[in-house]
Structure formats: C-alpha cells, structure tokens
Amino acid sequence: MRRRYTAGRLLERDLAPDPFDEFRAWLHDAVTVGIAEPNAMVLGTVGPGGQPSSRSVLLKGIDDGAFVFFTNTGSRKAAEIAGNPRVSLCFPWIAMERQVLVCGSASTVSREATRAYWRTRPRESQIGAWASRQSSVIATREELEALAAEMSERYPDEVPLPDFWSGFRVVPDTVEFWQGGVARLHDRLRYRRGPEQEWIVERLAP
C-alpha cells in the first residue's frame with residue numbers, strides 16, 4: 001500500500017527498491033500537498049571552460065529509466081550538454097523539507113518521441129518556440145513579440161515541429177532523496193549503480 005507523506009525521519013526500510021518508483025511516490029506527494037510546479041527541476045550543466053550553469057526546466061516524463069525534458073537545441077543548456085553530457089537535476093520541494101538530486105548523463109530522445117510531445121503543447125507555446133532563438137542576444141522585447149506575431153501568421157493552423165527543438169533524457173548514476181530533520185540532522189539516502197547495474201542504497205551524513 002502507498003504510504004502517506006509525513007514530515008520526519010526517512011529510513012532505509014521505507015524506500016522502494018527502484019529509485020524511479022521512489023521518485024514517483026515523492027512526486028505524487030508533492031502534487032498532493034499542492035507544491036507549485038512540482039515537476040520543476042534545476043538542471044545543472046558545465047560549459048567548455050568548466051563554468052557550471054543552472055536553470056529551472058520542467059520534467060515531462062520518466063521513460064525507460066530516464067528523466068525527460070524538452071528544449072531548444074540552440075540554447076546554452078543544449079550546447080553545454082553536447083560538449084559534456086554529465087548533468088545534474090535537483091527537485092527543490094522546500095515546503096515539504098524534501099529534495100531529490102539526480103546525477104547522470106543526458107542524451108537526445110528520438111525524433112518520434114519529440115514529435116509526440118510537441119503535439120501535446122499549447123499552440124501559444126509552440127509559437128513561442130518558433131519565435132525564440134533561445135539564449136541568443138535580442139535588442140528589445142518588442143522584437144520578440146513581433147517574431148511571435150509573424151510565426152502565428154505563418155502557421156495559422158497546425159504548428160510544425162522545429163528542427164531546432166528536441167527532448168533530452170537523463171539516465172542517472174545516482175539519485176539522492178533528502179528529507180529535512182530536526183536540529184539539522186537531515187536524512188540523505190542515495191541510490192547508486194553497482195557493478196552489475198543494480199541499485200545500492202547508502203546513507204550519507206547530513
């Protein structure tokens with residue numbers, strides 16, 4: 001039976017054997033208690049000079065052992081992933097005193113999977129994707145709005161999938177579940193892959 005969310009101690013015996021099952025349970029808890037944008041996550045990447053950068057993106061699915069998100073492939077994040085696929089994801093559910101930290105490698109999803117998700121997006125979001133050359137310098141807000149209006153006129157009906165837009169899947173090496181505790185004695189339980197790709201759970205000091 002699914003256990004109810006309660007703040008407090010997190011014990012090894014409470015965890016599911018698979019981190020994705022545990023994550024789904026924690027995400028369900030975040031939705032249930034009313035966390036705003038419960039699927040928001042901070043994506044960390046590393047640039048060519050070793051400079052890390054981070055930004056919030058939205059988790060759009062868990063597929064075949066990976067966390068999936070979508071973005072413009074001309075963006076800074078996509079360029080940095082192309083140069084170094086090692087990334088991190090952080091789900092900061094602060095109101096619940098919970099956090100999930102994922103470390104692993106990112107790769108692009110299939111074009112078919114990207115197209116399937118694209119069809120579920122609102123028209124306004126599709127137009128926005130066409131209008132924005134993400135991370136490039138623009139002169140004014142008006143320039144962006146003019147491009148959006150132009151794209152809306154160009155595609156009055158179905159909006160096609162841009163060739164510069166794709167999904168990424170992050171396959172984790174580690175998934176850490178953090179539960180806040182009294183007197184800063186937090187619980188940190190981490191899944192990591194063993195030599196046979198099995199999941200090993202270990203407790204980390206707070």
Side-chain angles (χ1 to χ4, degrees), residues 23 27 30 35-63 66-95 99-176:
F23 178 82
L27 180 59
I35 296 292
E37 299 284 11
N39 61 324
M41 57 189 186
V42 179
L43 166 67
T45 57
V46 179
Q51 174 64 51
S53 61
S54 58
R55 74 290 287 159
S56 294
V57 298
L58 296 178
L59 175 72
K60 290 301 181 179
I62 297 174
D63 176 61
F67 298 88
V68 178
F69 68 95
F70 294 84
T71 191
N72 187 310
T73 56
S75 64
R76 177 180 177 180
K77 61 178 115 31
E80 291 184 345
I81 289 172
N84 182 351
R86 302 294 297 168
V87 303
S88 65
L89 306 172
C90 180
F91 296 84
W93 297 317
I94 297 170
Q99 174 177 276
V100 179
L101 177 62
V102 177
C103 294
S105 296
S107 60
T108 54
V109 305
S110 70
R111 199 61 178 163
E112 292 75 17
T114 299
R115 186 171 290 105
Y117 173 68
W118 175 261
R119 293 190 183 114
T120 71
R121 303 191 86 206
R123 173 180 169 80
E124 294 78 8
S125 297
Q126 294 175 336
I127 292 297
W130 272 102
S132 174
R133 292 298 187 264
Q134 197 173 110
S135 300
S136 64
V137 176
I138 59 175
T140 65
R141 169 78 187 189
E142 288 73 21
E143 177 183 333
L144 180 63
E145 292 174 349
L147 282 170
E150 178 185 334
M151 293 300 107
S152 187
E153 289 183 9
R154 180 181 299 180
Y155 303 117
D157 300 311
E158 181 179 352
V159 182
L161 171 65
D163 59 5
F164 53 82
W165 203 84
S166 183
F168 286 87
R169 57 195 316 272
V170 177
V171 176
D173 297 317
T174 62
V175 185
E176 179 187 326

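Keep in mind it's a predicted model, so treat the numbers as computed, not measured.
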Asks: Any donor and acceptor pair, going by atom type alone, linking the side chain of Arg123 with main-chain N or O of Ser152 inside 3.5 Å?
Replies: yes

Asks: For Ala30 and Pro38, which heavy atoms make the closest approach, and how far apart are they?
Replies: CB-CB, 4.0 Å

Asks: Does the Asn39 side chain pair with the main chain of Leu59, one donor and one acceptor, at a distance under 3.5 Å?
Replies: yes

Asks: Evaluate the criterion side chain to side chain contact (heavy atoms under 4.5 Å, CB included) for residue pair Val102 and Phe67; output intermediate values, then yes/no.
Replies: CA-CA 9 Å; Val102 177; Phe67 298 88; 3.9 Å; yes

Asks: Please name the pair of heavy atoms, one in Ile127 and one in Ala148, separated by the smallest distance, quoted to 0.1 Å.
Replies: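 Closest approach of Ile127 to Ala148: CG2-O, 3.4 Å.
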
Asks: So, the side chain of Gln99 versus the backbone of Cys90: is there a donor-acceptor pair under 3.5 Å, distance only?
Replies: no

Asks: Answer yes or no: is there a side-chain heavy-atom contact under 4.5 Å between Thr120 and Lys60?
Replies: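 A side-chain contact is absent here, since even the closest heavy-atom pair is not under 4.5 Å.
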
Asks: So, using side-chain contact (heavy atoms from CB on, under 4.5 Å) as the criterion, who are the partners of Arg86 when residues are at least two apart?
Replies: Asn84, Ser105, Asp173

Asks: Testing the basics here: between Ala106 and Val170, what is the closest heavy-atom pair and its distance to 0.1 Å?
Replies: CB-CG2, 4.1 Å

Asks: Which atom names give the shortest non-hydrogen contact between Glu143 and Ala139, and what distance separates them?
Replies: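 Scanning both residues completely, I find the closest heavy atoms to be OE1-N, 3.1 Å.
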
Asks: Got a sec, which residues hit side-chain contact (heavy atoms from CB on, under 4.5 Å) with Glu150, two or more places apart in sequence or on another chain?
Replies: Leu147, Arg154

Asks: Nearest 0.5 Å, what's the CG-OG distance between Leu43 and Ser88?
Replies: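 These two atoms lie 7.0 Å from each other.
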
Asks: Kindly state each residue pair satisfying side chain to side chain donor-acceptor pair (under 3.5 Å) with at least one member in residues 158-169, sequence neighbours excluded.
Replies: none

Asks: Name all residues meeting the side-chain contact (heavy atoms from CB on, under 4.5 Å) criterion together with Ser53; count only those two or more places apart in sequence or in a different chain, and write none if there are none.
Replies: Thr45, Arg55, Arg76, Glu80

Asks: So which atom in Phe70 and which in Gly167 form the shortest heavy-atom distance, rounded to 0.1 Å?
Replies: CD2-CA, 3.2 Å

Asks: Check the pair Phe164 / Gln134 against side chain to side chain contact (heavy atoms under 4.5 Å, CB included), numbers first and verdict last.
Replies: CA-CA 10 Å; Phe164 53 82; Gln134 197 173 110; over 6 Å; no

Asks: Which is it for Leu161 and Tyr117 under the side chain to side chain contact (heavy atoms under 4.5 Å, CB included) test, yes or no, and what are the steps along the way?
Replies: CA-CA 10 Å; Leu161 171 65; Tyr117 173 68; over 6 Å; no

Asks: Check whether Gln51 reaches the backbone of Gly47 with its side chain - one donor and one acceptor, N or O, closer than 3.5 Å.
Replies: no

Asks: Looking at Phe168 and Thr71, what are the two nearest heavy atoms and their distance?
Replies: CE1-CG2, 3.7 Å

Asks: Between atom CZ of Phe91 and atom CE of Met41, what is the distance when rounded to the nearest 0.5 Å?
Replies: 5.0 Å

Asks: Under the rule for side-chain contact (heavy atoms from CB on, under 4.5 Å), what residues qualify as partners of Ala113, not counting sequence neighbours?
Replies: Val109, Ser110

Asks: May I have all residue pairs that pass ring pair (Phe, Tyr, Trp, His ring centres under 6.0 Å) and include part of residues 133-158, sequence neighbours excluded?
Replies: Trp130-Tyr155

Asks: Check whether Asn72 reaches the backbone of Ser132 with its side chain - one donor and one acceptor, N or O, closer than 3.5 Å.
Replies: yes

Asks: Applying side chain to side chain contact (heavy atoms under 4.5 Å, CB included), run through Arg121 and Val159 and close with a yes or a no.
Replies: CA-CA 10 Å; Arg121 303 191 86 206; Val159 182; over 6 Å; no

